[in-house]
A.B. asks: 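This is the structure I have questions about; it appears just below.
Quick caveat, the model's predicted, so the values are computed rather than measured.
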Amino acid sequence: MVETLSIAVIGAPGVGKTSIIRQFIYNDFSEVYTPTRTRYVYRPSVILNGIMYELKILDVTTPGSAASHPFFEWLDLRCRGVRNANAYILVYDICCVESFEYVKMIRQQIVEHRYGRPEVPILVVGNKRDLQRQRFMPRRAVSVLVKKTWKCGYVECSAKFNWHVVLLFKELLGIAVARGMRQNHTSIRLQGALQRNRCTIM
């Protein structure tokens, strides 16, 4: 049987969640920003050390902002099917401190509302690395906070230029494997980008 791994991609509006997913699956990027109005599910497949996985990637609409009440924002997200995801990708814009505060809030809600259950992999992703000079905080400072204090993985990428997009999914699967989602996987190798109904060797 093919194991299905559910990955919820969450972040404030405009941070590039859909762009990251579409670059990963279709190698495609649009300069025109189109807000995600409804939850969309992508179902690519990957092969990890000879084991095939079907990924269920949830592109989650996020009507709120960092000013929203944390409980009600998470309650809204739960209603959108993310409560039982196997892993989370929390995306923020490296030039927008408010989007980082939103990720901080959502990460805290995930931890609190999944308390007592097996630790879920969380990867924080700083998008828009191509706008490096406009960032609100040095990369190292963010990385230390996320890795040391939050105990999450951290990757920066540029969806626009397809830089580190494949790497971030590789990183997330690496975290998932390390935490026992699958045993006996000692290495991860990634070749190319995904397309719907096709496989990527990882």
A.B. asks: Can you hop from V165 to I175 via hydrophobic side chains spaced under 4.5 Å?
C.D. replies: yes
A.B. asks: Just verifying a value: how many Å separate C95 SG and F136 CZ, rounded to the nearest 0.5 Å?
C.D. replies: 9.0 Å
A.B. asks: Can a salt bridge be assigned to the pair K104 and E98 using a cut-off of 4.0 Å between side-chain N and carboxylate O?
C.D. replies: no
A.B. asks: Where the side chain of K56 meets the backbone of L5, is there a donor-acceptor pair that is under 3.5 Å apart?
C.D. replies: no
A.B. asks: Can you classify the ring geometry of Y92 versus F100 as parallel (below 30°), tilted (30 to 60°) or perpendicular (above 60°)?
C.D. replies: perpendicular
A.B. asks: Please identify each residue that fulfils side chain to side chain donor-acceptor pair (under 3.5 Å) with Q134, with sequence neighbours left out.
C.D. replies: none
A.B. asks: Cut-off 3.5 Å, side chains only: do E31 and Y33 have a donor facing an acceptor?
C.D. replies: no
A.B. asks: Looking at A85 and V120, what are the two nearest heavy atoms and their distance?
C.D. replies: O-CG2, 3.9 Å
A.B. asks: Is there a donor-acceptor pair under 3.5 Å between the side chain of R43 and the backbone N or O of E54?
C.D. replies: no
A.B. asks: Does V146 offer a backbone N or O that forms a donor-acceptor pair with the side chain of T149 under 3.5 Å?
C.D. replies: no
A.B. asks: I110, W150: one ILVMFWY side-chain cluster at the under-4.5 Å cut-off?
C.D. replies: yes
A.B. asks: With a 3.5 Å distance limit and no angle check, can you tell me whether K128 reaches the backbone of G16 through a side-chain donor-acceptor pair?
C.D. replies: no
A.B. asks: Which distance, rounded to the nearest 0.5 Å, do you find between the CD1 of I7 and the CG of L172?
C.D. replies: 5.0 Å
A.B. asks: I need the M137 CE to I94 CD1 distance, nearest 0.5 Å.
C.D. replies: 12.0 Å
A.B. asks: Indicate yes or no for a side-chain donor-acceptor contact from S99 to the backbone of A12 under 3.5 Å, with no hydrogens or angles considered.
C.D. replies: no
A.B. asks: Identify which one of L90, V91, I10 satisfies the side-chain contact (heavy atoms from CB on, under 4.5 Å) criterion when paired with Y102.
C.D. replies: I10
A.B. asks: Do Y40 and Y26 land in one hydrophobic cluster if side-chain heavy atoms of ILVMFWY residues count as linked below 4.5 Å?
C.D. replies: yes
A.B. asks: Kindly give the heavy-atom pair with the smallest separation between K160 and D130, and that separation in Å.
C.D. replies: CD-OD2, 3.9 Å
A.B. asks: Would you give the length of the straight line joining atom CG of N127 to atom CD of Q23, rounded to the nearest 0.5 angstrom?
C.D. replies: 10.0 Å
A.B. asks: Roughly how far, to the nearest 0.5 Å, is CG of L131 from OG of S158?
C.D. replies: 7.5 Å
A.B. asks: For Q109 and E112, run side-chain contact (heavy atoms from CB on, under 4.5 Å): C-alpha distance rounded to whole Å, both residues' side-chain angles, the deciding distance at 0.1 Å, then the answer.
C.D. replies: CA-CA 5 Å; Q109 290 300 305; E112 290 179 2; 3.8 Å; yes
A.B. asks: Can you hop from F29 to V9 via hydrophobic side chains spaced under 4.5 Å?
C.D. replies: no
A.B. asks: Salt-bridge test for K151 and E119: reply yes if a basic N is under 4.0 Å from a carboxylate O, no otherwise.
C.D. replies: no
A.B. asks: What distance separates H164 NE2 from E171 CD, expressed to the nearest 0.5 Å?
C.D. replies: 10.5 Å
A.B. asks: Between D59 and Y42, is there a donor-acceptor pair closer than 3.5 Å when you use the side chain of the first and the backbone of the second?
C.D. replies: no
A.B. asks: Please test I20 against C157 for side-chain contact (heavy atoms from CB on, under 4.5 Å), starting from the C-alpha separation and ending with a verdict.
C.D. replies: CA-CA 9 Å; I20 289 173; C157 73; 3.8 Å; yes
A.B. asks: Between S6 and N86, does any side-chain donor sit less than 3.5 Å from a side-chain acceptor?
C.D. replies: no
A.B. asks: Kindly indicate, with the supporting measurements, whether the criterion side-chain contact (heavy atoms from CB on, under 4.5 Å) is fulfilled by S45 and L55.
C.D. replies: CA-CA 6 Å; S45 298; L55 302 184; over 6 Å; no
A.B. asks: Is it the case that one hydrophobic cluster holds both F169 and W163, taking links as side-chain heavy atoms less than 4.5 Å apart, direct or via other members?
C.D. replies: no
A.B. asks: Identify the two heavy atoms, one from R139 and one from R135, that lie closest to each other, and give their separation to 0.1 Å.
C.D. replies: CA-NH2, 3.4 Å
